[in-house]
Amino acid sequence: MTGTTVAREGGRWIERWDPEDEHFWESGGKKTANRNLLFSVLSEHIGFSIWSLWSVMVLFMGPEYGIDPAGKFFLVSMATLVGALVRVPYTFAVARFGGRNWTVFSAAMLLLPTIAAAVIMEPGTSYSTFLLVAALTGLGGGNFASSMTNINAFFPLRQKGWALGLNAGGGNIGVPVIQLIGLLVIGTAGATHPRILLAVYIPLIVVAATLAALRMDNLAPVKNDTGAAKEAVRDGHTWIMSFLYIGTFGSFIGYSFAFGLVLQNQFARTPLQAASITFIGPLLGSLIRPVGGRLADRFGGARITLWNFLAMAVATLGVVIASVQKSLPLFTTAFIVLFVLTGLGNGSTYKMIPGIYHAKALAGGLTGEAAAAYGRRLSGAAMGLIGAVGALGGLGINLALRQSFLTEHTGTPAFVSFLVFYGVCSALTWAVYLRRPATAPAAGKQTDPKPQPGYAEV
């Protein structure tokens, strides 16, 4: 195998890894990277499924469970919260323990919330117990951060977009897949057999952890750069992009968790009727994420992000109108369009991150490989934090819907607040990354005579 692979305490380690070297890459590095990508996607995919487990479990929780709509929204909120918080330590765990080792561990840890849910999923279980087990499923949310960090290290700069897009999209599809399996269970065995769904995933988790142990590698050259992490925390763009990612990925994961509950409680859909619709939006949003990245490559990430947020505001206006008029066809259509737009925005915002730091390096006087290296260093450190903060948007969506149903018995006030938020995101994107000031060292313009669009290209 390309590189020097040795067996040492803690698993298989590759001591030399240089994907930017064409000969190294073509003589075996590419094959090794793709193999690790494949099994990383599998683990991350199941991680997303377990993270979104309670978006399906609540569909099985009929009146006999004694939990009102507000209580169910809070259950899925707990999973969202923990999933967001663990993304930060998961990001740094790859360099500390090795990508292969951490993938095995993080995949195996998914057995904890899954087996726990199988034990307690029955009427009569206390609400606090349900909350605890729902919180445990948040461990699956951390798998995204560690998986992206790990795969980022395996691929050369010229192929990172494709590799990270495939890795992220393959993981996101875990949300609609578990919802589809939940639909199959409800449609065949009925809404009183949630343990069948769990029985499907327990062996899949074991398979994912086992394949990661057998087929993945650790990269010894990958080290935690605490200096870059501190610099990313101090950089304003990290927090601006975190805010925008709340609007894209936060919306995706929040709506994925909440859509079925909204259909049940606002439109009186049965569990089967709700489950037959809920998977469509997350599926389309996952599949279209790479398209958002590709459009950003061609037209500029900031431009695509701006127009995407404006479109999200329009789609949300359709959701508000449908909610007020109690029109299920319009509501479903507008919500699915909104899901698609969250997927596009996921791709375009993540595309912006490395471009922003590269533009900043150019503005600071760096050129060539020095500017590229600075951009890679800062964007790599920022992505984990941005991903964590962005996921908190899912918590905000579910808490807003919980309060809306608790006080008004409808989701309309929450949807109005989402509409306002997307308007703020649009304005922020334009003001920071598209508006062209008279003097723009912060806009990343180069000093050559060719006109530069500043951050519009990021």
Side-chain angles (χ1 to χ4, degrees), residues 37-56 76 79-80 83-84 86-87 90 103 106-107 110 137-152 161-182 201 204 208 245-260 278-296 308 312 335-351 353 383-384 386-388 390-395 397:
L37 172 62
L38 172 63
F39 295 106
S40 176
V41 168
L42 175 61
S43 175
E44 185 193 344
H45 174 93
I46 295 177
F48 262 96
S49 291
I50 300 305
W51 189 21
S52 55
L53 174 65
W54 284 88
S55 72
V56 181
V76 297
T80 312
V86 299
R87 284 187 166 196
Y90 270 53
T103 302
S106 61
L110 299 176
T137 61
L139 294 174
N143 285 25
F144 172 84
S146 56
S147 180
M148 293 291 276
T149 300
N150 186 39
I151 293 306
N152 183 60
W162 170 83
L164 293 175
L166 185 60
N167 195 52
N172 289 356
I173 290 176
V175 177
V177 167
I178 196 171
Q179 293 174 343
L180 272 170
I181 297 175
Y201 271 89
L204 289 177
Y245 203 54
I246 286 174
T248 56
F249 180 77
S251 296
F252 171 83
I253 200 67
Y255 293 147
S256 296
F257 285 18
F259 193 24
T278 54
F279 75 92
I280 299 174
L283 177 61
L284 294 177
S286 299
L287 292 175
I288 207 166
R289 179 168 181 154
V291 177
R294 187 173 294 274
L295 288 173
N308 194 74
M312 288 176 70
F335 225 116
I336 289 175
V337 170
L338 191 54
F339 265 115
V340 172
L341 293 170
T342 65
L344 280 172
N346 282 340
S348 64
T349 50
Y350 239 70
K351 162 65 180 177
I353 298 169
M383 280 181 178
I386 291 169
L392 288 174
L395 172 67
I397 281 176

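Keep in mind it's a predicted model, so treat the numbers as computed, not measured.
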Taking all atoms of both residues into account, what is the closest heavy-atom pair of [X] and [Y], and its distance?
X      : Y      : answer
Phe257 : Ala79  : CE2-CB, 4.2 Å
Leu139 : Tyr90  : O-OH, 3.8 Å
Val340 : Leu284 : CG2-CB, 3.8 Å
Pro282 : Phe252 : O-CE1, 3.6 Å
Ala84  : Leu392 : CB-CD2, 3.5 Å
Pro290 : Leu287 : CD-O, 3.3 Å

Validation row: [X], [Y] side chains within 4.5 angstrom (heavy atoms):
X      : Y      : result
Leu42  : Ile46  : yes
Val177 : Phe48  : no
Trp51  : Val175 : no

Output the distance between atom [atom1] ([X]) and atom [atom2] ([Y]), rounded to the nearest 0.5 Å.
X      : Y      : atom1 : atom2 : value
Ile397 : Ile246 : CD1   : CD1   : 10.0 Å
Tyr201 : Leu110 : OH    : CG    : 11.0 Å
Ser55  : Gln179 : OG    : CD    : 4.5 Å
Ile336 : Ile280 : CD1   : CD1   : 4.5 Å
Thr248 : Ile253 : OG1   : CD1   : 12.0 Å
Arg289 : Asn172 : CZ    : CG    : 5.0 Å

TODO: Verify side-chain contact (heavy atoms from CB on, under 4.5 Å) between Asn346 and Tyr245, making sure each step is shown before the conclusion.
DONE: CA-CA 7 Å; Asn346 282 340; Tyr245 203 54; 4.0 Å; yes
Would you confirm whether [X], through its side chain, and [Y], through its main-chain N or O, come within 3.5 Å as a donor-acceptor pair?
X     : Y      : result
Thr80 : Val76  : yes
Arg87 : Gly387 : yes
Ser49 : Gly174 : yes

Open item on the list: Once you measure the plane-to-plane angle for Phe335 and Phe259, does it fall in the parallel (<30°), tilted (30-60°) or perpendicular (>60°) bin?
Closed with: parallel
TODO: Only one of Asn167, Asn143, Asn150, Thr103 passes side-chain hydrogen bond (donor to acceptor under 3.5 Å, both in side chains) with Glu44; say which it is.
DONE: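 Of Asn167, Asn143, Asn150, Thr103, side-chain hydrogen bond (donor to acceptor under 3.5 Å, both in side chains) with Glu44 is met by Asn167 alone.
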Open item on the list: Go through it in stages, so that I can follow the logic: the residues are Phe249 and Tyr350, the test is ring-ring contact (aromatic ring centres under 6.0 Å, His included), and I'd like the CA-CA distance, side-chain angles, deciding distance and then a yes or no.
Closed with: CA-CA 10 Å; Phe249 180 77; Tyr350 239 70; 8.7 Å; no
Open item on the list: Checking Ser40 against Ser147 for the side-chain hydrogen bond (donor to acceptor under 3.5 Å, both in side chains) test, could you report, in this order, the C-alpha distance in whole Å, the side-chain angles of both residues, the deciding distance, and whether it holds?
Closed with: CA-CA 6 Å; Ser40 176; Ser147 180; 2.5 Å; yes
TODO: Return the set of residues passing side chain to side chain contact (heavy atoms under 4.5 Å, CB included) with Met312 (not counting sequence neighbours), or none when no residue passes.
DONE: Ser251, Asn308, Phe309, Leu338, Leu341, Thr342, Tyr422
Open item on the list: My understanding is that only residues two or more places apart in sequence, or in another chain, count here; which of them pass side chain to side chain contact (heavy atoms under 4.5 Å, CB included) with Leu295?
Closed with: Val291, Phe299, Ile304, Leu344
